[in-house]
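Data block below; observations after.
Keep in mind that the numbers below use all heavy atoms, side chains included, and drop hydrogens, waters and symmetry copies.
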Amino acid sequence: MLSILVPIYRFDAGALIRELHEQATSSGIPFEVLCMDDGSGPGFEHNATVCNDLPHAHYLALPENIGRSAIRNRLAQEAGYDHVLLLDCDAALPDGRFIERYVPFLNKDMVVYGGRSYQASPPDNKQLMLHWLYGSNREAIPAEGRSGYQQFMTNNILVPRQVVLNHPLSETLKGYGHEDTLWGLELEAAGIPIEHINNPLVHIGLETAASFLQKTREGVQNLLRLDAMGVDDRHIQLLATYRKLKRWRLRGLIRQVMRIKMPWLEKNLLSSNPSLFYFDLYKLGCMLGAVR
């Protein structure tokens with residue numbers, strides 16, 4: 001009935017795997033847990049040990065990294081049940097009813113997004129502050145604040161397996177970011193319904209500000225690829241702003257201004273008191289090519 005799919009990359013997901021298995025067992029439904037390591041390399045063998053010791057659980061380690069979209073497609077291909085629950089590995093379950101909340105949707109032909117949350121208290125390590133602040137304010141949105149394929153992510157999503165097989169995640173985007181944006185646009189265009197529920201997966205794999213900014217720059221490059229593809233920007237504010245500047249022929253002027261401001265913005269974002277407004281400006285500067 002349910003295949004729980006966990007792509008893993010350089011993270012100790014043992015606690016998550018055990019709790020998912022325990023909750024699925026308690027639910028009384030037929031299930032399997034499939035874990036696939038995306039070329040993490042040595043040092044993460046513990047995940048295999050945990051997974052392989054559990055009934056109805058399977059673990060596969062890929063020899064090299066194939067990417068965020070490809071591994072999710074591969075997991076769906078390997079799945080044995082009609083519904084797949086795609087979950088990020090650097091996460092924790094919010095309570096003991098996480099799997100239970102998805103069970104009523106296992107007989108429905110729709111996408112169900114449970115959401116994402118972050119720990120309530122800011123991290124003690126100030127290098128993690130930017131990621132926590134961004135996630136808590138921009139990603140941790142209750143179901144009532146989400147609509148359609150806006151705020152849609154692949155971190156915690158129940159999908160009919162056949163939907164993934166018929167509409168796989170695009171593997172044209174490389175690196176980090178916006179593969180879920182593109183997938184959401186494709187599912188929306190295909191007329192596949194989506195339901196938003198309050199069943200958030202707690203994101204615990206916070207990145208340092210330096211790492212988070214690096215991934216942000218990678219995400220901007222993927223956003224530029226989406227621009228070149230001509231995708232709809234209704235749900236992508238940064239892309240919509242970029243296109244307005246292009247239409248108004250202001251990219252060059254704003255780029256010059258942003259080149260002066262970027263070191264100052266980055267200094268703030270690497271500090272213990274980062275500003276999300278400055279983060280938005282930083283992303284726009286990256287998109288305009290203002291990073292030297």
Side-chain angles (χ1 to χ4, degrees), residues 2-9 34 36 38 62 65-79 81-91 102 105 108-116 135 138-141 143 145-197 199-201 203 205 215-216 218-240 283 287:
L2 177 64
S3 294
I4 302 170
L5 311 181
V6 185
I8 298 174
Y9 184 66
L34 301 182
M36 188 175 292
D38 199 9
L62 302 181
N65 185 274
I66 63 174
R68 294 168 56 84
S69 294
I71 194 168
R72 285 162 173 80
N73 292 336
R74 176 81 175 271
L75 277 164
Q77 292 165 6
E78 297 287 338
Y81 288 107
D82 290 339
H83 276 75
V84 299
L85 180 59
L86 282 165
L87 303 173
D88 281 357
C89 70
D90 54 348
Y102 278 123
F105 298 95
K108 298 184 179 181
D109 190 20
M110 63 170 55
V111 172
V112 183
Y113 180 54
R116 171 179 281 178
R138 301 288 178 80
E139 295 181 337
I141 303 171
R146 303 183 235 124
S147 62
Y149 285 88
Q150 297 181 47
Q151 293 88 38
F152 163 87
M153 292 181 283
T154 57
N155 68 298
N156 171 25
I157 188 165
L158 179 72
V159 193
R161 177 174 177 265
Q162 199 60 45
V163 167
V164 187
L165 298 182
N166 293 342
H167 305 278
L169 284 82
S170 173
E171 299 178 19
T172 59
L173 299 181
K174 304 301 180 183
Y176 179 86
H178 292 291
E179 68 284 339
D180 46 6
T181 303
L182 181 56
W183 195 38
L185 291 170
E186 293 175 350
L187 294 179
E188 184 178 28
I192 297 169
I194 182 171
E195 179 83 12
H196 291 273
I197 67 172
N199 196 25
L201 194 63
H203 187 69
K215 288 190 172 181
T216 296
E218 292 178 17
V220 165
Q221 292 305 308
N222 277 343
L223 199 54
L224 287 170
R225 293 184 181 99
L226 294 186
D227 178 51
M229 294 164 61
V231 303
D232 191 334
D233 63 15
R234 286 175 300 154
H235 307 325
I236 314 173
Q237 185 175 353
L238 179 57
L239 180 55
K283 289 192 293 183
M287 198 157 187

*Would you mind reporting whether Q162 and D82 have side-chain heavy atoms less than 4.5 Å apart?*
no
*salt bridge (Lys or Arg N to Asp or Glu O under 4.0 Å) partners for R161, two or more places apart*: none
_For A70 versus I66, what's the shortest heavy-atom pair and its separation?_
CB-O, 3.4 Å
_Heavy-atom closest pair, residues D38 and Y9_ = O-CD1, 3.3 Å
*Is the shortest heavy-atom distance from the side chain of L158 to the side chain of L2 under 4.5 Å?*
yes
_D233: partners by salt bridge (Lys or Arg N to Asp or Glu O under 4.0 Å), with sequence neighbours left out_ = R243
*Quick one: side-chain hydrogen bond (donor to acceptor under 3.5 Å, both in side chains) partners of H83, sequence neighbours excluded?*
none
*Taking only residues two or more places apart in sequence or in another chain, which ones pass ring pair (Phe, Tyr, Trp, His ring centres under 6.0 Å) with Y102?*
F98
*Considering all heavy atoms of both residues, which atom of I197 and which atom of A143 are nearest to each other, and what is their separation?*
C-CB, 3.6 Å
_How close do A79 and L34 get, counting heavy atoms only, and between which atoms?_
CA-CD1, 3.6 Å
_I want to check something: taking the side chain as every heavy atom from C-beta on, are V231 and L239 in contact at a cut-off of under 4.5 Å?_
yes
*asked:* My understanding is that only residues two or more places apart in sequence, or in another chain, count here; which of them pass side-chain hydrogen bond (donor to acceptor under 3.5 Å, both in side chains) with T172?
replied: S170
*Considering residues at least two apart in sequence or located in another chain, which fulfil the side-chain hydrogen bond (donor to acceptor under 3.5 Å, both in side chains) criterion with N73?*
E171
_Between I236 and L185, does the side-chain contact (heavy atoms from CB on, under 4.5 Å) criterion hold? Intermediate values first, please._
CA-CA 10 Å; I236 314 173; L185 291 170; 4.3 Å; yes
*With sequence neighbours left out, write down each residue that passes side chain to side chain contact (heavy atoms under 4.5 Å, CB included) with P7, or none if nothing qualifies.*
I71, R72, L75
For residues 186-196, tabulate all N or O donor-acceptor pairs below 3.5 Å that involve a side-chain atom, not counting sequence neighbours.
from : atom 1 : to   : atom 2 : distance (Å)
H196 : ND1    : R146 : NH1    : 3.1
H196 : NE2    : G148 : O      : 2.6

*asked:* Under the rule for side-chain hydrogen bond (donor to acceptor under 3.5 Å, both in side chains), what residues qualify as partners of K108, not counting sequence neighbours?
replied: none
_Which residues pass the ring pair (Phe, Tyr, Trp, His ring centres under 6.0 Å) test with Y81, not counting sequence neighbours?_
none
_Atom pair CD1/CD of I141 and Q151 - distance to nearest 0.5 Å_ = 4.0 Å
*R116: what forms a side chain to side chain contact (heavy atoms under 4.5 Å, CB included) with it, not counting sequence neighbours?*
D88, Y113, Y118, E139, M153, N155, H203
*Which atom of W183 lies closest to which atom of V159, heavy atoms considered*: CH2-CG2, 4.1 Å
*Non-neighbouring partners of D232 that pass salt bridge (Lys or Arg N to Asp or Glu O under 4.0 Å), sequence neighbours left out*: R234
_G219 versus H178, closest heavy-atom pair with distance_ = O-CD2, 3.1 Å
_Using the rule given for side-chain contact (heavy atoms from CB on, under 4.5 Å), can you reason through M229 versus L182, listing the C-alpha separation, both sets of side-chain angles and the distance that settles it, and then say yes or no?_
CA-CA 10 Å; M229 294 164 61; L182 181 56; 4.0 Å; yes
